[in-house]
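We're numbering straight along the sequence, starting at 1. Atoms within each ligand, like the ligands themselves, are counted from 1 in listed order.
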Amino acid sequence: MKVFKFGGASVKDANGVRNVIKVLEKVGYENTLIVVSAMGKMTNAFEVVVDYYFNDTGQLQSKLDDIKIFHKTILLDLFETEQHPVFKSVMVLFEDLNTFFKTNKSPDYNFVYDQVIGFGELISTTIISYYLNEKGFKNNWLDVRNCIKTDNYYRRANVNWEATQEQITKAVDKSTLYITQGFLGSDSNNFTTTLGREGSDYTAAIFAYCLNADSVTIWKDVPGVLNGDPRVFKNTELLHTISYTEAIELAFYGASVIHPKTLQPLQQKEIPLHVKSFLNPENSGTTVNKTEGIVPKVPCFILKKNQVLLSLSTLDFSYVVEENISEIFNLLALYKMKVDVIQNSAISFSVCFDNTYNNLEKLLLHLKAKFKVTYHNNVSLYTIRHYDEAAIKALEKGKTVLLKQLFQETVQIVTN
Ligand code: ADP
Ligand code: ASP
Ligand code: MG
């Protein structure tokens with residue numbers, strides 16, 4: 001069996017959906033399970049919906065209308081008549097969402113987020129499944145929430161592998177073409193959960209693992225994995241092969257072309273991952289497999305924006321030792337800060353992290369009681385794997401370096 005994943009960029013409009021068929025025609029689609037993300041930037045749009053639900057209810061309906069219009073435009077382009085049952089199926093999803101807003105009593109932002117945000121994927125897969133069926137690509141629409149079981153850590157749920165394996169074995173017949181949603185799962189009460197932004201790649205890996213798939217292919221708007229995000233860095237080069245370990249490192253440091261959790265399940269069963277262009281599906285793209293390192297071996301550049309750099313020192317100039325560090329880490333965990341770099345000296349401790357859950361104020365309040373705190377918000381964290389002097393020099397040019405850390409293969413530089 002093969003697993004394909006089509007991301008938001010690949011299905012951002014009606015032509016994108018048509019192109020899915022072109023890809024399937026060119027590369028084959030026997031015994032394939034297709035994981036699909038929300039169309040275009042719809043996950044961001046649903047994030048705004050959640051925000052309005054909590055903070056500006058007056059604007060909620062008009063944002064929902066925008067989302068409806070976006071999908072309806074695509075539907076009208078793909079299907080000849082509004083009498084087609086796909087229209088009804090999509091409208092039912094919007095009604096479900098309205099019912100949720102009317103009946104929800106939970107004040108928990110993260111819970112509400114997951115119940116709302118998942119509609120992006122539910123809608124996209126409904127449209128694509130109908131369209132493929134219409135065009136003769138007979139497929140079954142699979143509700144991923146009956147397959148991927150997680151805990152209830154909303155917005156970054158952890159997979160319950162045993163339950164997931166059991167559900168997938170039950171639900172998937174390996175000789176059928178399936179269309180299912182990326183990014184989503186469900187908890188033990190069957191509430192929708194999400195695996196973290198950009199989590200659809202991970203969904204593909206979870207299915208591949210549980211189905212012992214032959215390969216996973218993620219279809220992108222780039223030729224494969226490059227040695228830097230072409231939107232950020234100039235003159236990027238295509239990496240032809242990458243080892244699992246190297247890909248895990250690149251994803252960990254923030255190479256957003258692959259979600260960081262994707263590689264582990266694939267590595268465990270040595271399932272190759274192909275990253276290919278949905279515009280040129282016959283090109284080989286990048287393969288992540290059991291090889292060593294990367295080919296070609298060039299410096300790889302990664303940028304993480306909107307980080308927080310926090311520096312702490314003790315109020316009485318005593319050393320920052322195990323006790324303080326463990327206390328700091330407990331607070332970072334409590335406020336769900338995703339730590340990227342740490343550096344400590346005798347009397348100070350610096351940490352660079354992602355404030356995904358918007359808990360910075362609360363964290364600062366806690367820390368200021370115990371430490372002298374300075375911080376920079378919205379800093380950029382650059383990582384270069386396989387760096388050389390020229391790469392560091394080029395990167396640092398014209399920037400103020402706030403923190404720099406060199407390891408054997410990796411340098412990390414925080415700038416503002
Ligand atoms: P999708 O969600 O549609 O699967 P993404 O937008 O998440 O796709 O990922 C594709 C984008 O990832 C590219 O357009 C590119 O800008 C970005 N990207 C970041 N790092 C890299 C990299 N090292 N190689 C290629 N693309 C990268
Ligand atoms: N739609 C989700 C997101 O945009 C998941 C994904 O695309 O991978 O984060
Ligand atoms: Mg994405």
> Leaving waters out, which protein N, O or S atoms fall under 2.8 Å from the Mg ion (ligand 3)?
Replying inline: Glu198 OE1
>> If the contact criterion is a heavy-atom separation under 4.0 Å, does Gly8 count as touching ligand 2?
In response: no
> Does Arg155 make a cation-pi contact with Tyr357 (under 6.0 Å, within 45 degrees of the axis)?
Replying inline: yes
>> Between Ser311 and Ser350, is there a side-chain donor-acceptor contact under 3.5 Å, judged purely by atom types and distance?
In response: yes
> At under 4.0 Å between heavy atoms, which part of Leu226 makes contact with ligand 1: side chain, backbone, both or neither?
Replying inline: both
>> Only heavy atoms of Phe183, strictly under 4.0 Å: list the atoms of ligand 2 that pass.
In response: 2 (C), 5 (C)
> How far is atom 6 (O) of ligand 1 from its nearest protein heavy atom, and which residue and atom name does that atom have?
Replying inline: Arg231 NH2, 4.4 Å
> According to the interplanar angle, ranging from 0 to 90°, do the rings of Tyr382 and Phe233 count as parallel (below 30°), tilted (30 to 60°) or perpendicular (above 60°)?
Replying inline: perpendicular
> What atoms of ligand 1 come within less than 4.0 Å of a heavy atom belonging to Ala9?
Replying inline: 3 (O)
> Of all the atoms in ligand 1, which lie at a distance below 4.0 Å from a heavy atom belonging to Gly224?
Replying inline: 24 (N), 25 (C)
> Is the shortest N/O to N/O distance between Asp229 and ligand 1 below 3.5 Å?
Replying inline: yes
> How far does CD1 of Ile258 sit from OH of Tyr202, to the nearest 0.5 angstrom?
Replying inline: 15.0 Å
> In terms of the angle between their ring planes, are Tyr209 and Trp161 parallel, tilted or perpendicular, with boundaries placed at 30° and 60°?
Replying inline: perpendicular
> Looking only at distance, does Arg197 have an N or O less than 3.5 Å from an N or O of ligand 2?
Replying inline: yes
> Do Gln59 and Asp56 have a side chain donor and acceptor closer than 3.5 Å?
Replying inline: yes
> Are side-chain N/O atoms of Thr217 and Lys2 paired as donor and acceptor at under 3.5 Å?
Replying inline: no
> What class does the angle between the rings of Phe137 and Tyr29 fall in, given that below 30° is parallel, 30 to 60° is tilted and above 60° is perpendicular?
Replying inline: tilted
> Phe54 and Tyr109: aromatic ring centres closer than 6.0 Å?
Replying inline: yes
>> Test your reading of the structure: does Asp201 have an N or O sitting under 3.5 Å from an N or O of ligand 2?
In response: no
> Should you measure from each heavy atom of Val222, which atoms of ligand 1 turn up under 4.0 Å away?
Replying inline: 13 (C), 14 (O), 25 (C), 26 (N)
> Of the listed options (Glu198, Met39, Glu237), which comes nearest to atom 2 (O) of ligand 1 when hydrogens are ignored and any heavy atom counts?
Replying inline: Glu198
>> Return the closest protein heavy atom for atom 27 (C) of ligand 1 as residue, atom name and distance.
In response: Val257 CB, 3.5 Å
>> For the residue pair Lys68 and Phe94, would you count it as a cation-pi contact if the rule is NZ or CZ under 6.0 angstrom from the ring centre and within 45 degrees of the ring axis?
In response: yes
> What's the shortest distance from atom 6 (C) of ligand 2 to any protein heavy atom, and which residue and atom give it?
Replying inline: Ser200 OG, 3.2 Å
> Looking at Lys220, which atoms of ligand 1 are within less than 4.0 Å of one of its heavy atoms?
Replying inline: 1 (P), 4 (O), 5 (P), 7 (O), 8 (O), 9 (O), 10 (C)
>> Once you restrict to heavy atoms under 4.0 Å, what part of Ser37 touches ligand 2? Side chain, backbone, both or neither.
In response: side chain
>> Distance check, rounded to the nearest 0.5 Å: Thr193 atom OG1 versus Tyr113 atom OH?
In response: 12.5 Å
>> Check for me whether Ser37 has a heavy atom closer than 4.0 Å to any atom of ligand 1.
In response: no
> Do any heavy atoms of Glu121 fall under 4.0 Å from ligand 2?
Replying inline: yes
>> Measuring only between side-chain heavy atoms, which start at C-beta, is Asn355 closer than 4.5 Å to Tyr335?
In response: no
> Can you name the one residue among Thr194, Asp187, Asp108 that meets side chain to side chain donor-acceptor pair (under 3.5 Å) with Tyr154?
Replying inline: Asp187
>> Side chain or backbone, does Lys5 bring an N or O within less than 3.5 Å of an N or O on ligand 1?
In response: yes
> Parallel, tilted or perpendicular for Trp219 and Phe4, by the 30°/60° rule?
Replying inline: perpendicular
>> Can you tell me which portion of Asp221 lies within the under-4.0 Å heavy-atom range of ligand 1? Options are side chain, backbone, both, or neither.
In response: side chain
>> If only side-chain N and O atoms count, and only distance matters, is there a donor-acceptor pair under 3.5 Å linking Thr125 with Trp141?
In response: yes
